[in-house]
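Scroll down for the structure; my scribbles are underneath it.
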Amino acid sequence: MPRQITAFSNPLVKQVRGLREKKNRRREGLFIAEGLRILTEARDAGFVPEILFYWEHTQHPLLDALIAETEAKGGDVVETSSDILHKLSGKDNPQTVLGVYRALDLGLERIDRTAAPLWIVAQSLRDPGNLGTILRTGDAVGAGGLILVDDCVDPFSVEAVRATMGALFTQRIAAASWVDFVGWLRRGEGQLIGTSLKATHDYQQPAYAKPAFILVGNEAQGLPEDYEAECDLLVKMPMLGKADSLNAAVATAVMAYEVINQWRRQR
């Protein structure tokens, strides 16, 4: 049966609130996800929270299912107030359900490149909103997942998890240095596709191979020259207005849909 917590001074409340900070997430190997929809998508993907908090007045069959499965897996279920949920999430209007999850394994070697024809690679991505949008795009196009290269935003930050709208649990995620990623990539099949204003190919011209790895650069700097040189293919999207580049997440979505639409036309 769920237990009740109403005191701000409760040790569990203090522990979970601390997970809003990266150093605490790393130390404890835990992160927070909020909202009945996201937690339900996580459950459908095989992930059940270790701790489940819910507002005492929430009634929903999906919540009942989450409570039952969390308890069945040995998790802790806590009924609490909206004030406590506000303290945990940091939002003025917190979700009525919040879960604490074990951090996912970001090891590159666990990625099976044959599991999907398309993968997304992000280099030094800094914005949690962009990370969330890229993961959601990956889910939409049936990509295998996202490989984070170099110093990227923490995918387990509260803001990033929020922005993924559940795609954090449906997409594989890995993190690696550029050197390690290139070494891993070249040990098997895979076409590395970069976008660059210096490219000579329009993004709709080439024939994209499977598996394809779309490489997107840092929001402000783009891809370093030596990273571009490593790509099997560099392409550019036409910029017909005054802007000289697209948002990183938007560019990723345009590229991803071009690649899969090309493959769809080949059927």
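- Using a distance-only test at 3.5 Å, with no hydrogens or angles considered, no donor-acceptor pair links the side chain of Asp180 to the main chain of Ala176.
- Between the side chain of Arg113 and the backbone N or O of Leu185 there is at least one donor-acceptor pair closer than 3.5 Å.
- Closest of all the heavy-atom pairs between Ile32 and Val16 is CD1-O, 3.4 Å.
- Taking the salt bridge (charged side-chain N to carboxylate O under 4.0 Å, His left out) definition, one finds that Arg172 meets it with nothing, sequence neighbours left out.
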May I have the list of side-chain donor-acceptor pairs in residues 135-146 shorter than 3.5 Å, sequence neighbours left out?
from, atom 1, to, atom 2, distance (Å)
Thr137, OG1, Thr133, O, 2.9
Asp139, OD1, Thr170, OG1, 2.7

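- Atom-to-atom distance recorded for Asp150:CG and Ser177:OG is 7.0 Å, nearest 0.5 angstrom.
- Contact check on Arg102 versus Glu28 returns no salt bridge, with no Lys/Arg side-chain nitrogen under 4.0 Å from an Asp/Glu carboxylate oxygen.
- Annotation for Glu225: atom CD does not count as buried by contact number, only 12 or fewer foreign heavy atoms lying within 6.0 Å.
- No side-chain donor-acceptor contact under 3.5 Å links Arg110 to the backbone of Leu106.
- For Glu219 (side chain) and Arg126 (main-chain N/O), a donor-acceptor pair under 3.5 Å exists by modelled atom type.
- Between atom CD of residue Glu159 and atom CG of residue Asp127 there is a gap of 10.0 Å, rounded to the nearest 0.5 Å.
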Take Tyr227 and Trp178, measure what ring pair (Phe, Tyr, Trp, His ring centres under 6.0 Å) needs, and give me the verdict at the end.
CA-CA 8 Å; Tyr227 288 38; Trp178 174 249; 4.0 Å; yes
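- Residue Asn93 qualifies as open at atom CG: its count of foreign heavy atoms under 6.0 Å is 12 or below.
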Start with the C-alpha gap between Tyr101 and Phe156, add the side-chain angles, then the distance that decides, and say whether ring pair (Phe, Tyr, Trp, His ring centres under 6.0 Å) holds.
CA-CA 10 Å; Tyr101 291 84; Phe156 304 127; over 10 Å; no
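- The closest side-chain heavy-atom distance from Thr252 to Met255 is not below 4.5 Å.
- A distance of 8.0 Å separates CD in Glu258 from CG in Asp202, rounded to the nearest 0.5 Å.
- Across every non-hydrogen atom of Ile193 and Ala212, the tightest pair is CD1-CB, 3.8 Å.
- For the pair Val78/Pro2, no side-chain contact is recorded, criterion being any heavy-atom separation below 4.5 Å from C-beta on.
- For Glu34 (side chain) and Gln95 (main-chain N/O), no donor-acceptor pair under 3.5 Å exists by modelled atom type.
- The hydrophobic clustering, which links ILVMFWY residues whose side-chain heavy atoms are closer than 4.5 Å, places Leu85 and Val13 together.
- Tyr54 pairs with exactly one of Ile67, Leu98, Thr96 by the side chain to side chain contact (heavy atoms under 4.5 Å, CB included) rule, that one being Ile67.
- Not counting sequence neighbours, the partners of Asp154 by the salt bridge (charged side-chain N to carboxylate O under 4.0 Å, His left out) test are Arg25.
- The minimum heavy-atom distance linking Leu148 with Val153 is given by the pair CD1-O, 4.3 Å.
- Taking a 6.0 Å sphere around CD of Glu189, one finds it holds 12 or fewer heavy atoms contributed by other residues, nucleotides or ligands.
- Heavy-atom contacts from other residues, nucleotides or ligands closer than 6.0 Å to CD of Gln205 number more than 12.
- In this structure the side chain of Pro211 never reaches within 4.5 angstrom of the side chain of Thr114, judged on heavy atoms.
- Heavy atoms of other residues, nucleotides or ligands lying less than 6.0 angstrom from CZ of Arg264 number 12 at most.
- Atoms CG and CG, from Leu12 and Asp76 in turn, are 6.0 Å apart once rounded to the nearest 0.5 Å.
- One finds no salt bridge joining Arg3 and Glu79 here, because no Lys/Arg side-chain nitrogen approaches an Asp/Glu carboxylate oxygen to under 4.0 Å.
- The hydrophobic clustering, which links ILVMFWY residues whose side-chain heavy atoms are closer than 4.5 Å, places Val250 and Val216 apart.
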Show your working on side-chain contact (heavy atoms from CB on, under 4.5 Å) between Asn247 and Asn130 and close with a plain yes or no.
CA-CA 8 Å; Asn247 167 272; Asn130 281 337; 3.2 Å; yes
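- Under a hydrophobic-cluster definition in which Ile, Leu, Val, Met, Phe, Trp and Tyr are linked whenever side-chain heavy atoms come within less than 4.5 Å, directly or via other members, Leu52 and Leu104 are assigned to the same cluster.
- You'll find the side chain of Ile147 reaches within 4.5 Å of the side chain of Phe181, heavy atoms only.
- Counting heavy-atom neighbours within 6.0 Å of Lys14 NZ, excluding the residue itself, gives a total of 12 or less.
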Stepwise side-chain contact (heavy atoms from CB on, under 4.5 Å) check, Leu118 with Trp263:
CA-CA 11 Å; Leu118 180 64; Trp263 293 340; 4.1 Å; yes
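- When hydrophobic clusters are built by joining Ile, Leu, Val, Met, Phe, Trp and Tyr residues whose side-chain heavy atoms come closer than 4.5 Å, directly or via intermediates, Val48 is not grouped with Val97.
- Ser81 OG to Lys87 NZ: the interatomic distance, rounded to the nearest 0.5 Å, is 11.0 Å.
- Here the side chains of Phe47 and Leu168 are not in contact, with every heavy-atom distance at 4.5 Å or above.
- At least one side-chain heavy atom of Leu233 sits under 4.5 Å from a side-chain heavy atom of His201.
- Separating the CD1 atom in Ile173 from the SG atom in Cys152 is a distance of 11.0 Å, to the nearest 0.5 Å.
- Environment of CD in Gln59: sparse, with no more than 12 heavy atoms of neighbouring residues, nucleotides or ligands closer than 6.0 Å.
- Under a 4.0 Å N-O distance rule, the pair Arg186/Glu230 qualifies as a salt bridge.
- Hydrophobic cluster membership differs between Leu197 and Leu223, with clusters built from Ile, Leu, Val, Met, Phe, Trp and Tyr side chains linked at under 4.5 angstrom.
- Two residues are said to be in side-chain contact when any heavy atoms from C-beta on lie closer than 4.5 Å; Phe31 and Leu19 fail this criterion.
- Within the 4.5 Å cutoff, no side-chain heavy atoms of Gln262 are placed close to those of Val259.
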